[in-house]
Amino acid sequence: MIKVLVVDDSALVRKLLTAILGNDPELEVVGTAGDPYQARELIKQLHPDVMTLDVEMPRMDGVTFLRNLMRLRPMPVLMVSSLTDEGADITLEALALGAVDFVSKPKLGLSDGLEAMADEIVAKVKMAARARLRSRPDAPAMTAPIIDKVRSVALRTTERVVAIGASTGGTEAIAEVLAAFPPDAPATVIAQHIPEGFSRRFAERLDKLCAIVVREAKDGDPLLLGHAYVAPGNHHLRVVRSGARYLCRVDQEEPVNRHRPSVDVLFRSVAQHVGPNAVAALLTGMGADGAEGLGVIRAAGSPTMAQDRESSVVWGMPGEAVKRGHVDEVLPLERVADRLLALARR
């Protein structure tokens, strides 16, 4: 049994989450708390395996509590956030501090909305219990580097393309990779499983951290040197060729592998339109999205890599790609950026 502690200032949300999680035979809700102070005492008494934690609460906000928790008693935490700009920023900060993943409260119809998300909530709690923690209680604030990023590469189009896919744990893995890229790095396209609205804030946070320009992809954007393009939440991102240029294509076609954006969709487009001028990496994530697409990229003549088990929060997607024989190199996260750049500049 996986013991779960539910922390939320809403009595309704506590009741709904308790019912959803309690319906699974592998999960047991051992306690609920209305604020972090109650949660702190229950953690000492009940020793839960996983905690669901509301982002916005009275007396002490979820991020402050998480920072203290990860310093004093690290444990798997699933954040429960609101679909707002403020909720997105706080959630991304929580992921930087070591939260495993998050689910978003529906804007309307809280009861029906959470019930509709029951399978996702249960799956993420179980995944969190197995996840490898990367506690960062003193994670630095994202600050802009002192560099004129747009002028540094004169808006030149790119000849090479780097493609990255990720899911659970991917926001911080991608940040670590892109932060190591120089201003003239090849254009980079990214599919990260993330809700609509969160992707824009994610791109903005990355842009403050990195020497390259990072933006949420828009349909028709040309791929430029020193730029990275994040797939918008609830949209697929593809790369297409127009003459000598590569362009972003953004659409809302049907989800693939239950995801939109899908890593497989991005990777297949890169294989088709970029071919051997690409290099691809599949990073930490739950499930198998991207594993098959990585094989398509490899078959097109491009080198492929996967994050290793030890540095992954969840070795689902990269592990599946390795299992299927679609990976040239398996690397720890700290080596991925250098290897991507070396291969792209061959």
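The residues of the chain are indexed from 1 along the displayed sequence. Please read these numbers as outputs of a predicted model, since none were measured by experiment.
Applying the salt bridge (Lys or Arg N to Asp or Glu O under 4.0 Å) test to pairs two or more places apart or on separate chains, those with a residue in residues 110-123 are Glu120-Lys124.
Although no hydrogens or angles enter the test, the distance criterion places a donor-acceptor pair under 3.5 Å between the side chain of Ser312 and the main chain of Asp308. Proximity of a side-chain donor or acceptor of Ser199 to a complementary backbone N or O of Ile194 within less than 3.5 Å is not detected. Gln192 places a side-chain N or O within 3.5 Å of a backbone atom of Ser167 that can act as its donor or acceptor partner. In this structure, the side chain of Asp328 engages the main chain of Thr304 through a donor-acceptor pair within 3.5 Å. Judged by distance alone, with hydrogens and angles left aside, the side-chain atoms of Arg260 form no donor-acceptor pair with the main-chain N or O of Gly233 at under 3.5 Å. When atom types are taken as modelled, the side chain of Arg346 and the backbone of Leu343 share a donor-acceptor pair closer than 3.5 angstrom. Of the possible polar contacts, none joining the Asp8 side chain to the Arg14 backbone as a donor-acceptor pair under 3.5 Å is found. In this structure a side-chain-to-backbone donor-acceptor pair under 3.5 Å is present from Ser269 to Val239. Looking only at distances, a side-chain donor or acceptor of Asp289 sits under 3.5 Å from a matching main-chain atom of Val263. Looking only at distances, no side-chain donor or acceptor of Ser302 sits under 3.5 Å from a matching main-chain atom of Arg298.
With respect to the salt-bridge test (charged N to carboxylate O, under 4.0 angstrom), the residues Asp89 and Arg201 qualify. Under 4.0 Å is where a charged nitrogen must lie from a carboxylate oxygen, and between Asp61 and Arg67 no such pair does. Salt-bridge check for Arg345 with Asp184: passed, with a basic side-chain N closer than 4.0 Å to an acidic carboxylate O. Of the charged side-chain nitrogens involved, at least one lies within less than 4.0 Å of a carboxylate oxygen, so that Asp251 and Arg238 count as a salt-bridged pair.
Dense packing is recorded around CZ of Arg132, with more than 12 heavy atoms of other residues, nucleotides or ligands lying under 6.0 Å away. Atom CZ of Arg309 sits in a sparse spot, with 12 or fewer heavy atoms from other residues, nucleotides or ligands closer than 6.0 Å.
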### Task
Under the side chain to side chain contact (heavy atoms under 4.5 Å, CB included) rule, what do Val177 and Ile164 come out as? Steps first, then yes or no, please.
CA-CA 10 Å; Val177 171; Ile164 298 174; 4.1 Å; yes

### Task
Just do the side chain to side chain contact (heavy atoms under 4.5 Å, CB included) check on Thr158 and Leu224 with the steps written out, would you?
CA-CA 5 Å; Thr158 191; Leu224 301 174; over 6 Å; no

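Residues Val103 and Met51 do not share a hydrophobic cluster, clusters being chains of Ile/Leu/Val/Met/Phe/Trp/Tyr side chains in contact below 4.5 Å. Hydrophobic clustering (side-chain heavy atoms under 4.5 Å, transitive across Ile, Leu, Val, Met, Phe, Trp, Tyr) keeps Leu133 apart from Val50.
Remark: His259 engages His193 in a ring pair (Phe, Tyr, Trp, His ring centres under 6.0 Å) (not counting sequence neighbours).
With no hydrogens or angles considered, no side-chain donor-acceptor pair links Thr284 and Gln307 at under 3.5 Å.
Partner of Arg59 under the salt bridge (charged side-chain N to carboxylate O under 4.0 Å, His left out) criterion, chosen from Asp54, Asp35, Asp9: Asp35.
Note: Lys105 NZ to Ser10 OG = 6.0 Å, rounded to the nearest 0.5 Å. For the atom pair Asp24 CG and Ile121 CD1, the distance stands at 12.0 Å (nearest 0.5 Å). With rounding to the nearest 0.5 Å, the separation of CZ in Arg71 from CG in Leu97 is 10.5 Å. Here the straight-line distance linking atom CD1 of Ile20 with atom NZ of Lys15 works out to 12.5 Å at 0.5 Å rounding. Of the inter-residue distances, the one linking Tyr229 atom OH with Thr188 atom OG1 reads 9.5 Å to the nearest 0.5 angstrom.
Aromatic ring centres of Phe65 and Tyr37 lie farther apart than the 6.0 Å criterion allows.
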